Amino acid sequence: MRRREFLTLSAASIGGVLVYSLDREVFRFSAQTNQSVHIPLRFFTQSEALIVAAAASRIFPSDETGPGAREAGVPIYIDRQLAGPWGRDRYRYTQGPFEENAPAEFGYQGKATPQQIYREGLKGLKGFNRLKAEEQDDTLKQIEATLFFSLLRQNTIEGMFCDPMHGGNIDMVGWQLIGFPGPRMSNYDDVDKHFGEAFRPKPAGLRQVTRRKVRPGEDLE
Amino acid sequence: MKTLPSVDVVIIGGGWTGLLMAKELGSRTALNVVVLERGGPRRTDDYNDDMDELDYTIRFRMMQDVSQETVTLRHDSSQRALPLRQHGSFLPGSGVGGAGEHWSAVCPRFLPDCFEVLSRTTEKYGSKRLPEDHAIQDWGITYDELEPHYTRADLLLGISGKAGNIRGQQIEGGNVFEGWRSAEYPTPPTKIPYFSSIFAEAAKTLGYHPYPVPAATTSRAYTNPDGISRPGCTYCGYCETFGCMIGAKSQPTNTLLPVIEKHKNVSIRTGAWVRRIVHDAAENKGSARGVIYIDANGQEVFQPAELIFLASWTLNNTRLLLLSGIGKAYNPGTRKGSLGRNLTHQVAFSAVTAFFEKPLNRFMGSGASGIMLSDLDGDLFDHSKLPFLRGGTLGARSARSLPISECGVVPKSVKSTWGSEWKKAALHYYDRTGRIGFSGEHLAYQDNYMDLDPVYKDHFGDPLLRLTLDWRENERKMADYMTTKAMELAREMGAKEVTPFSGLRSYDATRYQSSHVQGGAIMGSSPESSVVNPYLQHWQLSNLFVLGASSFPQNASANPTPTILALTYRTADAIVDRYLKNPAALA
């Protein structure tokens, strides 16, 4: 058993939001500026999680257009994905021989799992979270062409816009940013109306809509 | 190995074709029928809580488990093939219902001349117009022969649409270019969302003949001839890669399974992975004796049977025949052997990504709700001065806007792919982006084929299927031409910025195109050039029938399911009316 690691975030940074406790139950955390939240990590060490949090925040920043990866809980999302079957390459054909330098149109052909790609990639970003924003951007530009960065970018988008049951898109901040309502049982009365005008029903996650405790894929074997 | 008591019929695969055959034989005969499905059981109830883009669209919850078995790919026979290590250009299903559970339910018929591309093209343009390395051949059946069976498929699924040609009478608003149909669609067209409606207007302005996409996400509640009722679509937008939560999208589990379950002579065994079809080795004549499968407990089982249907999707049909040593494997060098030849994959791409000023509300719709046009399909336009043969359809469907997949697509004027500038554009354009899709014919070529891979194996140690596949000039030039036409349409729709398709280069296994992979065990009029006769009966083993799109000699532009169902109905009739009375070659 590895030592239990936590990601500590200041409550102010994530506002009054839903976070996930140790037993994976959702509870609402009321924002108080002097408090912090300790989120148990499943894969990352604390220092890795801080680097991922900082990098994801440069990819999808919190800025004048609204909240970003920090508020959405993207590092929590990525941590869970890496600890789950996807991170262990349960969904990939992993028999050799491996042709690491295959043309792009054959897809990723390497041997390394997402867990290994992250662990290796994060080694190159030591101290990243303590850099200034412009320095962080310069550092990321240097690794833009790597597989690690493309995974990080893709996972950041996933963490922004996934159903909140996966740990990201906390309080549906991502969906609210773009006007996506989440799963709705019926759009029958609206699908052929609102032409040319934004129709923005209040978002709700899958567990709210179905009133069931749906199990996310990362918790399956 | 355990040997079970013999049964009358074994059906390998529990998707559209396998379950339709099971339903027909279960209803019309007293035969003892066993369906072997390697995936798990499924019911409509399973979809009550599947509306999750991450697990279903991004992680492919409903698809074949590629960690156990995938295919390998190379662009030509001089290359070493590589395994497709993750899902990409097509999505094979798994479990009861197969890919028929997670489909979009777009249901056009093939144009009549698709069944006779070789003779019609030669007749009109001369044989010199055909690519030198083509392998195009006529199917051995005609649209007219298939029409009654198409109509049965329409009624089974309750397809929504607007007819454009009823017994030769052209009807405005439908597809005026379609082959004749004996009746109007069973249900009226689906509702048309905003994005599709502006496509329709632009198409009319430019002189095209747009029509509502024929959809098995039915527009209203429908009861089919088997007494199966399904509700109308609610346009929730979770169709492709999902099962329908209310059963409005016709799927094998909501359309066929409830009928099958009423018949005590049909049983479905799940977790039954067929590895071999056992047969009497004979060069020209013989029979299949049964199948060997690994059951859900890992035990090897021999199931003898009198009659066997191979219905396990295009690629697995071909692979199982190759693994079982049934028929002669195709050799592209000598062009001898027919098993594995004529591999095609529909030419499908987003011809233009268009960015609009107004929001489109694209979360509302269904996988099939939308507008398409056939003016540039088949040989409906003159090709004498064009650098390619055949064509396809352009369309604007409305439910492809789930945010992980779609947010982040920005116009070319935005130079970054991450950071503040990109984020701003991504948020702005998320619901202002629409795609005009193209779906076109893929001609058959001598060097596009399937065989067994010499290196890579599945989890049992059996060789993977190897695809040798690439595009040719005909597809590349067709793609360029259609992209130009789509750009004109997008501009007419009022798009602010447009990104055209970047063109077909080498076959790209990472870009989802369609799951319409076809050929390998093709039908035809002679055993030298085909694997099955036009009744889908194996030329050498007369008690073996191979169902599905593996039988298509070449690809049509239309989605294949209605044609697959029509061919299965036709085979079921031939079995019940003729084969059971005299089990012999039907053609």
Side-chain angles (χ1 to χ4, degrees), chain A residues 58-61 63-66 68 86 89-95 97 99 102-109 137 140 144 153 156-158 160-163 165-166 174-175 177-188 190-192 194-199 206 209-210 212 214 216-217, chain B residues 48-49 51-55 58-61 65-67 69-70 73 80 82-86 88 191-194 197 232-238 245-246 358-359 361 363-365 369 401-404 407-408 417-420 423-424 426-427 430-431 455-457 505-510:
Chain A
R58 295 316 302 158
I59 292 169
F60 212 100
D63 55 18
E64 73 282 358
T65 61
W86 177 78
D89 250 352
R90 169 66 187 80
Y91 303 137
R92 207 164 68 93
Y93 179 79
T94 52
Q95 290 191 37
E99 186 77 59
E105 61 264 27
F106 290 87
Y108 173 54
Q109 289 287 331
D137 286 353
L140 292 181
E144 252 181 345
R153 179 185 177 275
T156 299
I157 294 172
E158 290 165 8
M160 281 305 304
F161 300 112
C162 65
D163 191 279
M165 71 175 174
H166 295 288
W175 289 354
L177 276 174
I178 56 173
F180 179 72
R184 273 164 58 83
M185 300 304 263
S186 180
N187 292 308
Y188 186 85
D190 297 293
V191 63
D192 51 358
H194 314 285
F195 282 13
E197 293 161 17
F199 172 56
L206 188 58
V209 169
T210 62
R212 291 172 187 223
V214 183
Chain B
N48 286 344
D49 54 15
M51 298 157 82
D52 177 38
E53 183 188 10
L54 185 78
D55 283 341
I58 307 294
R59 304 274 182 255
F60 305 113
R61 173 77 63 86
D65 184 347
V66 286
S67 77
E69 185 204 322
T70 183
L73 169 74
R80 189 161 77 77
L82 294 173
L84 304 186
R85 294 186 178 278
Q86 48 270 310
K191 290 191 178 199
I192 303 301
Y194 177 54
S197 76
C233 175
T234 64
Y235 306 93
C236 77
Y238 289 79
M245 59 161 177
I246 57 168
K358 289 179 180 171
N361 298 323
F363 61 90
M364 299 188 285
S369 61
S401 71
L402 296 177
I404 297 173
C407 191
T417 56
W418 55 275
S420 275
K423 177 196 169 196
K424 188 179 178 183
L427 302 184
Y430 165 67
D431 193 35
V455 177
Y456 294 98
K457 309 267 192 274
R505 287 182 278 269
S506 292
Y507 180 87
D508 181 354
T510 67

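Fair warning: this is a prediction, and the values are worked out from it, not measured in the lab. Lettering of chains follows the sequences in order, A, B, ..., and the numbering in each one begins at 1.
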Is the shortest side-chain heavy-atom distance between [X] and [Y] below 4.5 Å?
X        : Y        : answer
B:Met51  : A:Val209 : no
B:Glu53  : A:Phe161 : no
B:Trp418 : A:Leu140 : yes
A:Arg90  : B:Arg59  : no

With a 4.5 angstrom heavy-atom cut-off, which part of [X] approaches chain A: side chain, backbone, both or neither?
X        : result
B:Phe363 : both
B:Phe60  : neither
B:Arg61  : side chain
B:Asn48  : both
B:Asp431 : side chain
B:Tyr238 : side chain
B:Ile192 : backbone

Q: State whether a side-chain donor-acceptor pair under 3.5 Å links A:Asp63 with B:Ser420.
A: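 There is such a pair (donor and acceptor under 3.5 Å, judged by atom type) between the side chains of A:Asp63 and B:Ser420.
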
Tell me which of these, [options], has more heavy-atom pairs under 4.5 Å with chain B than the rest.
options                               : result
A:Gly66, A:Gly217, A:Ala198, A:Pro97  : A:Pro97
A:Leu177, A:Asp190, A:Val191, A:Thr65 : A:Val191
A:Glu158, A:Glu64, A:Met160, A:Arg184 : A:Glu158

What residue, out of [options], has the most heavy-atom pairs lying under 4.5 Å from chain A?
options                                : answer
B:Ile246, B:Val455, B:Leu427           : B:Leu427
B:Arg505, B:Lys358, B:Lys457           : B:Lys457
B:Gln86, B:Lys424, B:Glu69, B:Met245   : B:Gln86
B:Gly237, B:Gly408, B:Ser401, B:Pro403 : B:Pro403
B:Thr510, B:Val66, B:Asp55, B:Asn361   : B:Asn361
B:Ile58, B:Thr70, B:Asp52, B:Leu84     : B:Asp52

Examine whether an atom of [X] lies under 4.5 Å from a heavy atom of chain B, and if so say whether it belongs to the side chain, the backbone or both; otherwise answer neither.
X        : result
A:Thr210 : side chain
A:Asp89  : neither
A:Arg212 : side chain
A:Ile59  : both

Closest contact, heavy atoms only, [X] versus [Y]:
X        : Y        : value
B:Cys407 : A:Ile157 : O-CG2, 4.0 Å
A:Glu105 : B:Tyr507 : CG-O, 3.6 Å
A:Phe195 : B:Ser197 : CE2-OG, 3.4 Å
B:Leu73  : A:Phe106 : O-CE2, 3.2 Å

Does [Y] offer a backbone N or O that forms a donor-acceptor pair with the side chain of [X] under 3.5 Å?
X        : Y        : result
B:Arg85  : A:Tyr93  : yes
A:Arg153 : B:Thr417 : yes
B:Lys423 : A:Pro61  : yes
B:Thr234 : A:Met185 : yes
A:Gln95  : B:Tyr456 : no

Nearest-0.5 Å distance that lies between atom [atom1] in [X] and atom [atom2] in [Y]:
X        : Y        : atom1 : atom2 : value
B:Leu54  : A:Met165 : CG    : CE    : 8.0 Å
A:Glu197 : B:Tyr194 : CD    : OH    : 9.5 Å
A:Asp192 : B:Lys191 : CG    : NZ    : 4.0 Å

Q: Can you establish whether the number of heavy atoms outside A:Tyr188 located under 6.0 Å from its atom OH is more than 12?
A: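 Not buried by this count: 12 neighbours or fewer within 6.0 Å.
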
Q | Salt bridge present between A:Glu99 and B:Arg80 (N-O < 4.0 angstrom) | A |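 Yes, charged N to carboxylate O under 4.0 Å.
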
Q | side chain to side chain contact (heavy atoms under 4.5 Å, CB included) between B:Ser67 and A:Thr94, worked out | A | CA-CA 7 Å; B:Ser67 77; A:Thr94 52; 5.8 Å; no

